Amino acid sequence: MSLKRCACIDTLYTELDFYDRFQAAKNDGFEAVEFWDWRIRDLDKVKDAAQKAGINISGFNGDADYSLVDPTHKEKYLVDLEASLQAAQKVGAASVTIHSNALGEGGIVVNHYDELSDTVKLCSMYDTLLASVKLAEKYQIRLNLEGLNITTDHVGNFLQTTQMAAEITRLINSPYLKILYDAYHMQLNEGSICDNITKYIDQIGHIHIADAPGRHEPGTGEINYANVYKVLEKLGYENRVGYELFPLTDTKTAVAAIMKD
């Protein structure tokens, strides 16, 4: 299967200067790159590095200090999201990734909102996503809604399952809102990777790959990625597959494992 492979250059090529990672990813055969926080990067340098390397920018995180699940955050969330969409438009990125909760240093969930019921959290997320989609449609940049694991990296995150994410995006029913299916996160939360990909393939706009446990390259954990790729081929998946993983030893070894499958 010919995958549209995308390198997360916040976890791969970290031995290089950030702006040199674009060319390195291109040299290794990646079709695109993605990264996390655009606010700490020089967007002119990002655009220039991607153009010189001849590689696409898939996207980056579009949210920051505010949460979809907090009804008091809606207006501030939308202001921040619009800034991210403008940044994506400037560098030619196709998408931005969004989450249910604000994430702090190291991906720590800033607020678990234990004082709010799940009903309030869900209704708030749905309401703010409806408004977010209008912005996405305005800029023609897709939003990818990502669920996160609550066992290891993101304790307290509200959006935990593929079903919840996909049912929300189906209800909103916009080509500018899909889910980011992260196989590592979902293996930890729910398992049944192939079944869930099959069930919700119409809502998957991007896939993240890392093995579990450990969040390293395929072949270092328990996920049978050969079978996952076969399912994606059978389903005719055409969107990008992003390798957001931490090399077990070094980038060269990790890339060899990525490109082997």
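All figures in this text were calculated on a predicted structure; none of them were measured in a lab. The first residue in the sequence is number 1, and the count goes up from there.
Looking at residues two or more places apart in sequence or on another chain, you find a side chain to side chain donor-acceptor pair (under 3.5 Å) between His185 and Asn149. Shown here are the salt bridge (Lys or Arg N to Asp or Glu O under 4.0 Å) partners of Asp10, two or more places apart in sequence or in another chain: Arg41. In this structure Asp48 satisfies the side chain to side chain donor-acceptor pair (under 3.5 Å) test together with Lys52, sequence neighbours excluded. With sequence neighbours excluded, no residue forms a side-chain contact (heavy atoms from CB on, under 4.5 Å) with Asn173. Evaluation of the side-chain contact (heavy atoms from CB on, under 4.5 Å) rule for Glu105 yields no partner, not counting sequence neighbours. With sequence neighbours excluded, no residue satisfies side chain to side chain donor-acceptor pair (under 3.5 Å) with Thr198. In this structure, the side chain to side chain donor-acceptor pair (under 3.5 Å) partners of Thr251, at least two apart in sequence or on a different chain, are Glu15. Partners of Asp127 by salt bridge (Lys or Arg N to Asp or Glu O under 4.0 Å), not counting sequence neighbours, listed by chain and number: Lys74.
Contact between Ala102 and Ala64 at its shortest, heavy atoms only, is CB-O, 3.5 Å. Listed here is the closest heavy atom pair of Asn61 and Ser84: O-OG, 4.2 Å. The two residues Ile150 and Asn189 come nearest to each other via the heavy atoms N-OD1, 3.1 Å. Closest approach of Lys76 and Tyr66 over heavy atoms only: CD-CE2, 3.5 Å. Of all heavy-atom pairs between Pro218 and Ile258, the closest is CD-CG1, 4.3 Å. When all heavy atoms of Ala183 and Ile193 are compared, the closest pair comes out as O-CD1, 3.8 Å.
Residues Met125 and Val79 do not share a hydrophobic cluster, clusters being chains of Ile/Leu/Val/Met/Phe/Trp/Tyr side chains in contact below 4.5 Å. Side-chain heavy atoms closer than 4.5 Å link hydrophobic residues (I, L, V, M, F, W, Y) into clusters, and following such links, possibly through other members, connects Leu245 to Ile197. Under a hydrophobic clustering in which Ile, Leu, Val, Met, Phe, Trp and Tyr are joined whenever their side-chain heavy atoms come within less than 4.5 Å, directly or via other members, Ile98 and Leu103 fall into different clusters. Tracing side-chain contacts under 4.5 Å through hydrophobic residues (I, L, V, M, F, W, Y), one reaches Tyr229 starting from Met186; they form part of the same cluster. Cluster annotation: Leu180 is not connected to Trp38 through the hydrophobic network of ILVMFWY side chains, with a link wherever side-chain heavy atoms come within less than 4.5 Å.
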Worksheet item: How far apart are the C-alpha atoms of Gln89 and Gln140, what are their side-chain angles, what is the distance that settles it, and do they pass the side chain to side chain contact (heavy atoms under 4.5 Å, CB included) test?
Response: CA-CA 8 Å; Gln89 190 175 66; Gln140 297 189 337; over 6 Å; no
Item to complete: Could you walk me through whether Glu244 and Arg215 pass the salt bridge (charged side-chain N to carboxylate O under 4.0 Å, His left out) test, one step at a time?
Response: CA-CA 8 Å; Glu244 186 189 49; Arg215 206 173 188 177; 3.0 Å; yes
Worksheet item: Do Arg142 and Asn239 pass the side chain to side chain contact (heavy atoms under 4.5 Å, CB included) test, and can you show the C-alpha distance, the side-chain angles, and the key distance before you say yes or no?
Response: CA-CA 12 Å; Arg142 189 175 67 223; Asn239 293 320; 4.2 Å; yes
Practice prompt. Begin from the C-alpha positions of Leu159 and Leu68 and carry the test side chain to side chain contact (heavy atoms under 4.5 Å, CB included) through to its verdict.
Written response: CA-CA 10 Å; Leu159 186 59; Leu68 286 169; over 6 Å; no
Item to complete: Show the numbers, then the answer: is there a side chain to side chain contact (heavy atoms under 4.5 Å, CB included) between Leu148 and His99?
Response: CA-CA 8 Å; Leu148 303 173; His99 306 90; 3.8 Å; yes
Practice prompt. Go through the steps for Glu137 and Ser174 under the test side chain to side chain donor-acceptor pair (under 3.5 Å), then give the verdict.
Written response: CA-CA 9 Å; Glu137 291 171 348; Ser174 168; 3.0 Å; yes
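Judged purely by atom type and a 3.5 angstrom limit, Ser124 has no side-chain atom pairing as donor or acceptor with the backbone of Val120. Here the side chain of Ser192 pairs no donor or acceptor atom with the backbone of Asp195 at under 3.5 angstrom. Remark: side-chain polar atoms of Arg5 are not paired, donor with acceptor, to backbone N or O of Gly242 under 3.5 angstrom.
Rounding to the nearest 0.5 Å gives a distance of 7.5 Å between OG1 of Thr161 and CD of Glu167. Atom CG of residue Asn101 and atom CG of residue Asn157 lie 4.5 Å apart, to the nearest 0.5 angstrom. Note that the CG atom of Leu3 and the CZ atom of Phe30 stand 11.0 Å from one another [nearest 0.5 Å]. Distance check: Ser117 OG to Leu122 CG gives 9.5 Å after rounding to the nearest 0.5 Å. The line from SG of Cys6 to CD1 of Ile207 is 12.0 Å long, rounded to the nearest 0.5 Å. Rounding to the nearest 0.5 Å places OG1 of Thr11 at 9.5 Å from CD1 of Ile9.
Ion pairing of Glu82 with Lys138 is present here, as a side-chain N (NZ or NE/NH1/NH2) and a carboxylate O approach within less than 4.0 Å. A salt bridge links Arg170 with Asp202: at least one charged nitrogen is closer than 4.0 Å to a carboxylate oxygen. Note on Arg240 versus Glu34: no salt bridge recorded, every NZ/NE/NH1/NH2 to OD/OE distance being 4.0 Å or above. Between Arg39 and Asp37 there is a salt bridge, with a side-chain nitrogen of the basic residue lying less than 4.0 Å from a carboxylate oxygen of the acidic one.
A heavy-atom distance below 4.5 Å is not found between the side chains of Val96 and Asn144. Residues Ile179 and Glu146 are not in side-chain contact: their nearest non-hydrogen atoms beyond the backbone lie 4.5 Å or more apart. Counting heavy atoms from C-beta on, the side chains of Tyr184 and Asp211 never come closer than 4.5 Å. A heavy-atom distance below 4.5 Å is found between the side chains of Trp36 and Cys8. Annotation: side chain of Leu135 is in contact with side chain of Leu78 (closest heavy-atom distance under 4.5 Å). Taking the side chain as every heavy atom from C-beta outward, Leu143 and Lys178 never approach each other to under 4.5 Å. Taking the side chain as every heavy atom from C-beta outward, Ile57 and Val46 approach each other to under 4.5 Å. Using a 4.5 Å heavy-atom threshold, the side chains of Ile172 and Thr169 count as separate.
Applying the ring-ring contact (aromatic ring centres under 6.0 Å, His included) definition to pairs two or more places apart or across chains, those involving residues 189-223 are His206-His208. Counting only residues at least two apart or on different chains, the ring-ring contact (aromatic ring centres under 6.0 Å, His included) pairs with a member in residues 4-24 are Phe18-Phe22, Phe18-Phe35.
With 3.5 Å as the limit, one finds no donor-acceptor pair spanning the side chains of Glu190 and Gln163.
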Show me the donor-acceptor pairs within less than 3.5 Å that the side chains of residues 106-116 make with the rest of the protein, sequence neighbours left out.
from, atom 1, to, atom 2, distance (Å)
Asn111, OD1, Tyr113, N, 2.7
His112, NE2, Val155, O, 3.0
Tyr113, OH, Asp70, OD2, 2.9

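Annotation for Tyr176: hydrophobic cluster partners, listed by chain and number, are none (ILVMFWY side-chain heavy atoms under 4.5 Å, direct or chained).
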